[in-house]
Visitor: 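Input: one structure, supplied below.
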Amino acid sequence: MARSLRKLPLRPKPHISPRPWHPPSSHKQEFLRLCSNGSLREALGVLLSQQWSDPNAFILASGAAADRFAANHLLHAYAEHRDLRSARALFDKMPRRNVMSYNILIGGLVKNGDLGSARELFDRMPQRNVASWNAVVAGHAHFGFDQEGLGYFLGMRREGFRPDEFGLGSALRCCAGLKDVVSGQQIHAYVAQSGLEFDMCVGSSLAHMYMRCGSLRDGESVLRALPFLNVVSCNTIIAGRAQNGDSEGAVEYFCLMKAARLAPDEVTFVSVVSACSDLAALGPGRQAHAQALKAGVYSSLPIRCSLVSMYSKCGCLDYSLKVFSESCSSDLVLWSAMIAAYGFHGHGHAAVQLFKEMMKEGIEPTEITFLSLLYACSHSGLKEQGMEFFKLMTETYKLMPNVRHYTCMVDLLGRSGLLQEAEALIKSMPVSADAVIWKTLLSACKTHRDTEMAERVAKIVITLDPSDSAPYVLLSNIRANNQRWSDVSEVRTAMRERRVRKEPGISWVELKGQVHLFSTGDRSHPLRREIEECLKEMIRKMRQWGYVPDTSMVLHDMEEEEKEFSLVHHSEKLAIAFALLSTPSGATILVMKNLRVCDDCHVAIKLMSKIEKREIVVRDVSRFHHFRDGTCSCRDYW
DNA sequence: TTAGGGTTAG
């Protein structure tokens, strides 16, 4: 995939911000003189040249209403300045309205979010033109009523209107919102036919539609065909990559954009910080933070939200809190981001406390806030509180829980050993169960050693997600422990036939700006001998503290000794050994991992932190673990 | 009357 950014001219987007007018007296006198002479058009010319919207101007509107040209201009001025009451009053007084008068008022209502009135006016228009249809399609697209917007777009076509670049852009936005790639492709065919494919707005909307529907390649190919790139098309690529699992590509494109001297804007920073958050890339995330400050867009709430999340995912919870506290805002998303940040670090009590403060502030929580809160409770063992919040969500706030909320509840019950209750909840919930929720229960069965239920649940997981190796391994080991050898070989055959492989575990450590990557059993590092020695010594010391390798999750076709060897060489253990060798004694170690930390490593790292008198921080795929003096911040809930 | 962005789960 070509990732070059062509050096093309940047077309600045015109931006006119409405501002209150304090007219110089000469203008005002001229305006009043023209009005008293009945020269309304000229008077309005003066008024509009100064971008004036003043309640007093309405007094003159009674005269203006009779003159359609003048009235439409005044109507436009009112609509631009969001003075919809005056606009409506003027509109009602106009004896001779035309399509333009309707369109202007509809546009104003739409911008003000009053879609109902806009629709009502649209329905009773004696005549419509393309602009009338465009205005309603755009309005619905803007406020996320995508299905309705697409409906109006189809209505426009049914009535024989040829959609232009405005209507097409909005309709594509609706397809993006609905992730309706089929309608999007149909519109693309029309766009190509009408030669509008190279229009910057239509092209960006088209690319955005493809990216939202998961097709990064189609989106990028549309953008590459555009006559030039601007900040919006670059942002479309950055966000598209980040949202489609290519966060690395997103950060890379951000660097190319800067190299091409294309100034990033607020949207660029939001997307790039989110990408850094996904990558847990603290360095680039911090740089983006500094650049946003320099660019003067740091006051933006979306930027602050993504920073709160980024710092948390990079292990700097105190920075998340700093950004949050500095913001002093009652923005719901910002509060939700901070609750999630606490949850990610296993600070369940802090998350609950913040949620209570949020309610005191009168901020209404959403499904996402509750999901973060329930997650925080389940990862901190706050069973009673989690159950209360679930009740609050459904009964007081009347919010509909989705399968992820139920997964948190299953986790909460399962961790507490209430396996029957957890299974009953899955069976009674009104949404359909997926592989993840059953895997959550399976993990609880494993923790509480309920082999009968584990065997049953593992089979369900295998049916729902045949590619995941964990349930096969678990099933095989349960059967092996009971000497059911023919059943064990049945599992192995199934694994072979379905080509199930365990996703390789990868851990990495950043040292002096360089990333050192370790995969399980890796012997490629230049310090492999030293790492091996360090691990051997460490295991010896750990055994003195009672460490026994937990081989229950290693596939049974190995000798016990081999199993232990495999465990010792798990990627996180290799990364920690390397960090112990390469950093000064006492320094905190930070390791990132692509999968969840396994049970054995979790026990081992607790002991390592005690023996080495070091804080070891491990960020796995689901959360942060802070190991200190033989314990972990997750209190073994993870 | 047209374009791009924030928080969550695995």
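Proteins come first, then strands; the chains are lettered A, B, ... in the order of their sequence lines, and each starts at number 1.
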Visitor: If the threshold is 4.0 Å, N to carboxylate O, is there a salt bridge linking A:Asp331 and A:Arg304?
Guide: no
Visitor: Does B:dT8 have its OP1 or OP2 closer than 4.0 Å to a side-chain nitrogen or oxygen of A:Ser309?
Guide: yes
Visitor: Nearest-Å distance, CG (A:Leu334) to P (B:dT8)?
Guide: 12 Å
Visitor: Between B:dG5, B:dA9, B:dT8, which nucleotide has the shortest distance from any of its atoms to the side chain of A:Gln243?
Guide: B:dG5
Visitor: Please determine if a side-chain N or O atom of A:Lys111 lies less than 4.0 Å away from the OP1 or OP2 oxygen of B:dT2.
Guide: no
Visitor: What I want to check is whether an N or O donor and acceptor connect the side chain of A:Asp331 with the base of B:dG6 at under 3.5 Å.
Guide: yes
Visitor: Roughly how many Å is it from CD in A:Glu220 to P in B:dA3, rounded to a whole number?
Guide: 21 Å
Visitor: Got a sec? Which of residues 136-146 of chain A come in under 4.0 Å of DNA chain B, heavy atoms?
Guide: A:Ala138
Visitor: Base, sugar-phosphate or nothing for A:Asp265? Non-hydrogen atoms, less than 4.0 Å.
Guide: base
Visitor: Fit a plane to each ring of A:His347 and A:Tyr342, take the angle between them on a 0 to 90° scale, and name the class: parallel (under 30°), tilted (30 to 60°) or perpendicular (over 60°).
Guide: parallel
Visitor: Under a 3.5 Å cutoff, is there a donor and acceptor pairing between the side chains of A:Asp620 and A:His625?
Guide: yes
Visitor: Distance only, no hydrogens: is a donor on one side chain within 3.5 Å (strictly under) of an acceptor on the other, for A:Ser320 and A:Ser312?
Guide: no
Visitor: How long is the line joining CG of A:Leu442 and C1' of B:dG10, in whole Å?
Guide: 15 Å
Visitor: Could you list the residues that satisfy ring-ring contact (aromatic ring centres under 6.0 Å, His included) with A:His345, not counting sequence neighbours?
Guide: A:Phe624, A:His626
Visitor: Does A:Ser327 use its side chain to pair, donor to acceptor, with the backbone of A:Ser329 at less than 3.5 Å?
Guide: no
Visitor: Would you mind reading off the distance between A:Ile368 atom CD1 and B:dA9 atom P, rounded to a whole angstrom?
Guide: 10 Å
Visitor: Return the nearest nucleotide to the side chain of A:Ser271; candidates are B:dG10, B:dA3, B:dG5.
Guide: B:dG5
Visitor: What is the nucleic acid contact for A:Glu367, judged by heavy atoms within less than 4.0 Å: base, sugar-phosphate only, or nothing?
Guide: nothing
Visitor: Whole angstrom is fine here: how far is it from CE in A:Met125 over to P in B:dT1?
Guide: 12 Å
Visitor: In whole angstroms, how far is the P atom of B:dG5 from the CD1 atom of A:Ile238?
Guide: 12 Å
Visitor: If we require ring centres under 5.5 Å and near-parallel planes under 30°, does A:Phe166 stack on B:dT1?
Guide: yes
Visitor: Can you tell me if A:Glu361 and A:Ser330 form a side-chain donor-acceptor pair at under 3.5 Å?
Guide: no
Visitor: I want to verify a distance call: between B:dG5, B:dT1, B:dG6, whose nearest atom is closest to the A:Ser300 side chain?
Guide: B:dG5
Visitor: Quick one: label A:Ala340 by what it contacts on the DNA or RNA (base, sugar-phosphate, nothing), any heavy atom closer than 4.0 Å.
Guide: sugar-phosphate
Visitor: Return the value, rounded to whole Å, for the distance between atom CH2 of A:Trp438 and atom P of B:dA9.
Guide: 23 Å
Visitor: What's the closest nucleotide to the A:Ser170 side chain, out of B:dG10, B:dT2, B:dG6?
Guide: B:dT2
Visitor: Name the closest nucleotide to the A:Asp199 side chain, picking from B:dT2, B:dG10, B:dA3.
Guide: B:dT2
Visitor: So that I can tick it off, tell me whether A:Asp411 and A:Lys439 are bridged by a salt bridge, with the cut-off set at under 4.0 angstrom between side-chain N and carboxylate O.
Guide: no
Visitor: Rounded to whole Å, how long is the line connecting atom CZ of A:Phe355 with atom C1' of B:dT8?
Guide: 14 Å
Visitor: Looking only at the side chain of A:Leu371 (C-beta and beyond, no hydrogens), which of the listed nucleotides B:dT7, B:dA9, B:dG5 gets closest?
Guide: B:dA9
Visitor: Is it true that A:His405 and A:Asn402 share a donor-acceptor pair across their side chains at a distance under 3.5 Å?
Guide: yes
Visitor: OP1 or OP2 of B:dT2 sitting under 4.0 Å from any side-chain N/O of A:Arg173?
Guide: no
Visitor: Between B:dA9, B:dG6, B:dA3, which nucleotide gets closest to the side-chain atoms of A:Cys305?
Guide: B:dG6
Visitor: Nearest of B:dG6, B:dA3, B:dG5 to any side-chain atom of A:Ser205?
Guide: B:dA3
Visitor: Between B:dG5 and A:Thr236, is there an OP1 or OP2 to side-chain N/O distance shorter than 4.0 Å?
Guide: no
Visitor: Quick check for you: among B:dA3, B:dG10, B:dT1, whose closest atom lies nearest to any side-chain atom of A:Asn230?
Guide: B:dA3
